[in-house]
Amino acid sequence: MKRDIISVLDMKKDFEDFVEEGILLKKNFKSGKRDSSMDRKTLGMIFEKASTRTRVSFETAMTQLGGHAIYLSPRDMQMGRGETIADTGKVLSGMVDGILYRAFEHDNVVELAENSSVSVINGLDNLEHPTQIVADYMTIMERKGKFKGLKIAYIGDGNNTANSLMLAAGLVGADFWIATPEGYEPPERFVKESKLLAKKHRSEIEVTNNYKEAATNADVVYTDVWVSMGEEKEKEAKEKAFKSFQINEKLVSLAKKDYIFMHCLPAHRGLEVTNGVADSRNSVIFQEAENRLHAEKIILKKVIK
Ligand code: CP
Ligand code: NVA
């Protein structure tokens with residue numbers, strides 16, 4: 001049976017294996033070991049929205065593993081002229097070995113997966129960003145050596161990245177605090193599911209509007225853009241609502257001394273984070289970005305057989 005990665009929950013049983021094996025793949029790659037497990041395999045990559053990291057990391061991962069990736073934009077595909085998602089899935093399944101899909105709508109990723117006989121990987125949609133989260137927890141493990149007992153503070157918008165990060169905190173048993181302005185909390189079903197997972201580890205998932213409380217004693221301070229792709233119309237209102245949620249030197253002074261600053265990037269410097277924090281010694285944003293490459297490799301190896 002094929003394996004899709006549409007949500008972090010599709011890694012429910014083995015999320016920590018993705019993290020550990022991803023770190024191992026990175027070490028092996030850096031020490032010169034080569035892996036050709038994608039030999040003659042092809043990944044089709046549909047991007048409805050812009051991307052730097054996700055596109056380059058998946059394309060490079062396929063190349064380094066001996067395979068090939070095709071970048072597909074709906075602007076150039078028949079999908080952009082009305083061919084259905086279902087037909088696209090069926091056609092691509094006859095040609096490629098896996099499909100990466102960055103979509104505006106989560107339901108469209110589900111529909112593509114339901115109509116594809118090859119694995120579909122969610123490269124970000126309006127609700128989740130699962131491939132990012134494998135790289136993020138690899139970074140946390142590399143820096144902190146554990147998950148249990150850590151306080152991860154996500155301060156910003158209750159968006160796709162936040163939902164996936166919170167579910168994964170529940171899976172690994174880290175304490176997770178999310179602070180958003182009122183009205184921008186993560187969807188209730190993600191909070192409920194994450195709390196249910198956390199219960200097994202006796203860890204906490206806290207949703208608050210108090211960013212100071214979230215930052216206090218944090219081991220990890222994480223943020224993302226305030227205005228996600230597709231929300232451009234809300235820019236003005238959101239920038240106003242989020243103003244005091246900026247990650248700046250004053251706010252991170254509440255975190256532990258050896259806290260790490262994380263951001264999935266792209267960052268809007270001067271808005272959700274100051275240069276002072278993004279470029280500080282505590283910032284691991286570029287290690288986190290580099291880890292996308294190795295995270296994609298483990299994801300590909302686990303789903304494309
Ligand atoms: N973090 C992330 O997914 O970046 P891109 O939008 O550049 O792919
Ligand atoms: N939340 C952001 C993440 C970008 C990688 C967005 O959806 O635009």
Side-chain angles (χ1 to χ4, degrees), residues 5-8 18 22 43-62 69 71-74 99-109 121-140 154-168 178-181 184-187 190 220 222-235 237-239 241-242 245-247 261-269 271-273 278 283-300:
I5 305 284
I6 296 176
S7 162
V8 163
F18 278 79
L43 179 72
M45 308 193 301
I46 308 173
F47 279 89
E48 288 179 3
K49 311 189 230 190
S51 170
T52 298
R53 281 143 288 266
T54 308
R55 176 184 176 178
V56 175
S57 59
F58 268 101
E59 199 162 326
T60 306
M62 281 304 287
Y71 174 77
L72 300 161
S73 157
I99 307 170
L100 174 76
Y101 185 19
R102 170 166 286 196
F104 280 102
E105 292 300 326
H106 179 78
D107 290 350
N108 291 350
V109 183
I121 303 167
N122 180 357
L124 177 146
D125 61 31
N126 56 323
L127 293 182
E128 281 214 52
H129 196 2
T131 64
Q132 173 72 46
I133 270 44
V134 175
D136 291 347
Y137 281 82
M138 281 171 59
T139 311
I140 296 173
Y154 176 98
I155 298 169
D157 191 20
N159 62 14
N160 41 14
T161 303
N163 294 337
S164 292
L165 206 59
M166 176 166 63
L167 286 174
I178 173 162
T180 73
Y184 294 100
E185 293 85 359
F190 284 97
V220 177
Y222 197 121
T223 195
D224 184 13
V225 294
W226 294 337
V227 181
S228 284
M229 289 179 278
E231 295 181 342
E232 288 72 18
K233 277 198 194 113
E234 294 171 54
K235 188 173 182 307
K238 282 190 109 173
E239 282 181 4
F242 282 79
F245 283 72
Q246 184 187 63
I247 312 294
F261 171 70
M262 298 180 72
H263 191 314
C264 61
L265 302 179
H268 292 139
R269 290 165 175 263
L271 289 175
E272 75 271 8
V273 63
S283 175
V284 298
I285 55 176
F286 298 116
Q287 178 180 343
E288 185 184 356
E290 182 187 339
N291 280 343
R292 290 294 303 274
L293 171 63
H294 307 286
E296 317 315 19
K297 284 187 193 169
I298 193 61
I299 293 168
L300 289 165

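Start at 1 and go down the list; that is how both ligands and their atoms are numbered. For the single chain, residues carry numbers from 1 onward in sequence order. In this text, all values refer to a predicted model and were calculated from it rather than measured experimentally.
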Q) What atoms of ligand 2 come closer than 4.0 angstrom to any heavy atom of Leu265? A) 5 (C)

Q.
Strictly under 4.0 angstrom, heavy-atom based: which residues surround ligand 1?
A. Ser51, Thr52, Arg53, Thr54, Arg102, His129, Gln132, Cys264, Leu265, Arg292

Q: For atom 8 (O) of ligand 2, find the nearest protein heavy atom and state the residue, atom name and distance (0.1 Å precision).
A: Met229 N, 2.8 Å

Q. What pair of heavy atoms forms the shortest contact from Thr180 to Gly158, and how long is it?
A. CG2-N, 3.8 Å

Q) How far apart are the closest heavy atoms of Leu167 and Ser7, and which atoms are they? A) CD1-OG, 4.1 Å

Q.
Taking the side chain as everything from C-beta on, heavy atoms only, tell me whether Met262 gets closer than 4.5 Å to Ile140.
A. yes

Q) Do Ile178 and Phe190 come within less than 4.5 Å of each other through their side chains, counting heavy atoms only? A) no

Q: Look only at interatomic distance and state if Arg102 has a nitrogen or oxygen under 3.5 Å from any nitrogen or oxygen of ligand 2.
A: no

Q.
Can you give me the closest heavy-atom contact between Cys264 and Thr161, atom names plus distance?
A. SG-OG1, 3.9 Å

Q. Side chains of Glu272 and Thr223: do they bring a donor and an acceptor to under 3.5 Å?
A. no

(Q) Less than 6.0 angstrom separating the ring centers of Tyr184 and Phe245, yes or no? (A) no

Q. Are any of the N/O atoms in His129 less than 3.5 Å from those in ligand 2?
A. no

Q. Looking at atom 3 (C) of ligand 2, what's its closest protein heavy atom, distance included?
A. Asp224 OD2, 3.6 Å

Q. Which atom pair, heavy atoms only, marks the closest approach of Ala295 to Ala135?
A. CB-N, 3.7 Å

Q: May I ask you to identify, for Asp157, whether its side chain, its backbone, both or neither come under 4.0 Å of ligand 2 on a heavy-atom basis?
A: neither

Q: Among all protein heavy atoms, pick the one closest to atom 7 (O) of ligand 2 and tell me residue, atom and distance.
A: Asn160 ND2, 2.9 Å

Q) Can you find a pair of side-chain heavy atoms, one from Leu271 and one from Val227, that are under 4.5 Å apart? A) no

Q | Between Thr139 and Gln287, a side-chain donor and acceptor under 3.5 Å | A | no

(Q) Could you identify the single nearest non-hydrogen protein atom to atom 4 (C) of ligand 2 and state the distance to 0.1 Å? (A) Leu124 CD1, 3.8 Å

